[in-house]
Amino acid sequence: MIFMIYFISYYDHSNVEMFHPQFKMIGRCLKTYCVRNIDSIILFKNRLRFKSSGSRERAESSLIDYLEVSIRGGKGGVGCASIQKMVRNKSKPDGADGGDGGSVLLKTSRSRLDFSHIPSEVIGISGGAGGSKNKTGERGGDLVVTIPVGSIIGCQQSQKPLVEVNTEDELFLAARGGRGGRGNRSIAGQMYGYDRYFCREKEEGEEGQLSMLYLEMKTIADIGLVGLPNAGKSSLLRAISGAQPKIASYPFTTLRPHIGVIHYDGYYRVRMADIPGLIEGSSLGRGLGFSFLKHIERCKSLLYVVDMSNTDCEPIQTIRILEKELEAYSMGMTENIVGIVANKIDLLHGPNSIVELARAFPQYPVMPISALEQRNIVAVRNVLEPYKYLFVHDQSEDDIIVQNS
């Protein structure tokens with residue numbers, strides 16, 4: 001059954017009555033199911049697309065903070081050509097117009113963290129076909145796609161931003177639905193003479209508006225983890241938030257940012273981002289280069305993560321490299337630093353390096369931890385507690401919902 005619904009929704013879930021007339025009632029039931037469960041169907045199609053394309057990164061919990069998306073409004077329903085027979089061999093056209101296609105709206109929501117739930121192509125709901133006996137086709141419901149608060153919506157062609165949405169429940173009309181086609185009743189009203197009573201012309205519905213947009217997050221997290229490759233950022237995120245980023249012993253294990261949520265009492269929370277590793281020369285494009293630094297720029301505050309067991313680069317030298325690269329990319333970025341996490345103390349033989357690090361940077365609190373053994377993680381939680389905010393999730397909110405009008 002689910003594959004039949006997927007097949008119908010893939011092509012045109014509003015014209016399921018094109019099958020044999022005996023299955024007209026079944027087609028209407030499937031149409032109703034598709035309209036009421038369009039969000040589940042779209043997400044089901046996305047999962048199939050992920051598996052078929054072999055792209056596992058997007059299907060995982062990695063952060064998508066920039067997305068280019070094609071949005072098309074729903075197509076208008078086709079008009080009906082029908083002749084009503086009357087007494088004394090008279091007749092008149094009674095084919096009604098098709099319904100207008102549904103529009104696609106973007107709505108801000110604080111429960112959304114990124115754009116990973118949005119497919120690269122969104123198509124609105126088509127309008128229903130017109131019927132005989134002057135039965136106008138059903139209007140397609142509006143698709144409402146939720147996006148994070150603080151998103152920037154721009155045009156792909158010009159690469160210029162159109163609007164920045166910064167408030168909760170703010171709506172943006174992404175694509176209008178097409179107008180429904182006229183039936184022979186409407187067309188016959190513009191005719192004269194004998195042809196008026198035997199008009200069998202009808203119109204196809206108009207295509208919906210096509211919008212090629214890009215979505216960009218202005219802020220991806222409250223706290224961003226900054227450090228050299230293999231500093232233990234992913235291990236820290238896993239230990240403090242329960243997120244499941246990939247962990248390995250080779251550099252650049254993290255290729256996309258991962259988001260973890262640190263929960264506090266009373267529905268308070270802090271969003272933490274695991275950013276890909278920085279190397280010397282990133283501000284000039286080396287390593288992951290500018291893509292990494294853009295992720296850093298979208299974090300409200302930053303935490304340095306230093307590998308205390310690294311003998312090739314001393315902790316103080318590591319901080320100097322990070323400061324240099326951040327300032328070279330954007331002046332004043334180091335003003336967002338809130339502390340230094342001295343990781344991998346389980347491999348440290350003495351506390352001297354920690355003391356030297358604290359003396360070299362007295363303006364930052366230094367937190368010695370072992371993310372692998374989960375030692376002293378509570379110190380990081382306490383430092384980040386002032387950045388928490390109240391969050392109440394609306395359990396009734398979906399990623400993509402339908403508004404029937």
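Along the sequence shown, the residues carry numbers beginning at 1. Reckoned from all heavy atoms, side chains included, excluding hydrogens, waters and symmetry mates.
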Worked verdict on Leu215 versus Ile118 for side chain to side chain contact (heavy atoms under 4.5 Å, CB included): CA-CA 10 Å; Leu215 306 176; Ile118 303 177; 4.0 Å; yes

Salt bridge (charged side-chain N to carboxylate O under 4.0 Å, His left out) for Asp100 and Arg179? Distances and angles first, verdict last. CA-CA 5 Å; Asp100 294 337; Arg179 184 180 64 86; over 6 Å; no

Verify side chain to side chain contact (heavy atoms under 4.5 Å, CB included) between Ile321 and Cys313, making sure each step is shown before the conclusion. CA-CA 10 Å; Ile321 293 175; Cys313 188; 4.0 Å; yes

I'd like to know whether Leu237 forms a side chain to side chain contact (heavy atoms under 4.5 Å, CB included) with Met272, so could you lay out the CA-CA distance, the side-chain angles of the two residues, the decisive distance to 0.1 Å, and finally the verdict. CA-CA 7 Å; Leu237 182 67; Met272 177 179 285; 3.8 Å; yes

Dump the intermediate steps for side chain to side chain contact (heavy atoms under 4.5 Å, CB included) on Phe361 and Glu323, then the final yes or no. CA-CA 12 Å; Phe361 302 97; Glu323 287 184 337; 4.0 Å; yes

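No side-chain heavy atom of Met308 sits less than 4.5 Å from a side-chain heavy atom of Asn343. Between Ser235 and Leu372, the closest side-chain pair of non-hydrogen atoms is not below 4.5 Å. Side-chain contact between Ile369 and Val380 is present, with heavy atoms from C-beta onward closer than 4.5 Å. Counting heavy atoms from C-beta on, the side chains of Phe172 and Val145 never come closer than 4.5 Å. Side-chain contact check for Pro148 versus Thr108: every heavy-atom pair is 4.5 Å or farther apart. Put simply, the side chain of Leu303 does not reach to within 4.5 Å of the side chain of Ile337, judged on heavy atoms. In this structure, the side chains of Leu106 and Leu171 stay at 4.5 Å or more apart for every pair of heavy atoms. Between Ile296 and Leu326 there is a side-chain heavy-atom pair separated by less than 4.5 Å.
Taking every heavy atom of both residues into account, Val270 and Leu384 meet most closely at CG2-O, 3.8 Å. Shown here for Pro119 and Val69, the closest heavy-atom pair between the two residues is O-CG2, 3.5 Å. The nearest pair of heavy atoms linking Val383 to Met367 is CG2-SD, 3.4 Å. Across all their heavy atoms, Ser301 and Tyr387 have their closest contact at OG-CE2, 3.8 Å. Heavy atoms only, all atoms of each residue included: Val144 and Lys107 are closest at CG1-CB, 3.5 Å. The heavy-atom pair separating Ala360 from Ile316 by the smallest distance is CB-CD1, 3.8 Å.
In this structure a side-chain-to-backbone donor-acceptor pair under 3.5 Å is present from Gln209 to Arg176. The backbone N or O of Gln156 lies less than 3.5 Å from a partner atom in the side chain of Gln159, making a donor-acceptor pair. Of the possible donor and acceptor atoms, none in the side chain of Asn184 sits under 3.5 Å from a partner among the backbone N and O of Glu201. No donor-acceptor pair under 3.5 Å is formed between the side chain of Ser151 and the backbone N or O of Ile147. In this structure, the side chain of Ser211 does not engage the main chain of Leu213 through any donor-acceptor pair within 3.5 Å. Put simply, the side chain of Glu206 never gets that close to the backbone of Gly180: no donor and acceptor are under 3.5 Å apart. Between the Lys133 side chain and the Gly95 main chain, no donor and acceptor come within less than 3.5 Å of each other. Remark: side-chain polar atoms of Glu327 are paired, donor with acceptor, to backbone N or O of Gly332 under 3.5 angstrom.
Asp94 and Ser82 share a donor-acceptor pair across their side chains, judged by distance under 3.5 Å alone. In the model, Thr167 has a side-chain atom that pairs as donor or acceptor with a side-chain atom of Glu170 under 3.5 Å. Using modelled atom types, one finds no donor on one side chain facing an acceptor on the other under 3.5 Å when comparing Ser70 with Glu121. With no hydrogens or angles considered, no side-chain donor-acceptor pair links Asp97 and Thr136 at under 3.5 Å.
One distance of note links CD of Gln374 with CD1 of Ile377; it measures 6.5 Å at 0.5 Å rounding. In this structure, Asp114 CG and His258 NE2 are separated by 11.0 Å, a value rounded to the nearest 0.5 Å. With rounding to the nearest 0.5 Å, the separation of CE in Met333 from CG in Leu322 is 12.5 Å. A distance of 9.5 Å separates NZ of Lys160 from SG of Cys155, quoted to the nearest 0.5 Å. In this structure, CG in Asp307 is found 11.0 Å from CD in Glu314, a value given to the nearest 0.5 Å. Between the SG atom in Cys299 and the CD1 atom in Ile223 there is a gap of 8.5 Å [rounded to 0.5 Å].
Counted within 6.0 Å of CD on Glu335, heavy atoms from surrounding residues, nucleotides or ligands total 12 or fewer; the atom is thus considered open.
Here Glu385 pairs with Lys388 in a salt bridge; the nearest charged N to carboxylate O distance falls below 4.0 Å. A salt bridge links Lys300 with Asp222: at least one charged nitrogen is closer than 4.0 Å to a carboxylate oxygen.
Partner of Asp65 under the salt bridge (Lys or Arg N to Asp or Glu O under 4.0 Å) criterion, chosen from Lys218, Arg298, Arg112: Arg298.
With Tyr264 as the aromatic partner, Arg381 meets the cation-pi criteria of under 6.0 angstrom to the ring centre and within 45 degrees of the ring axis.
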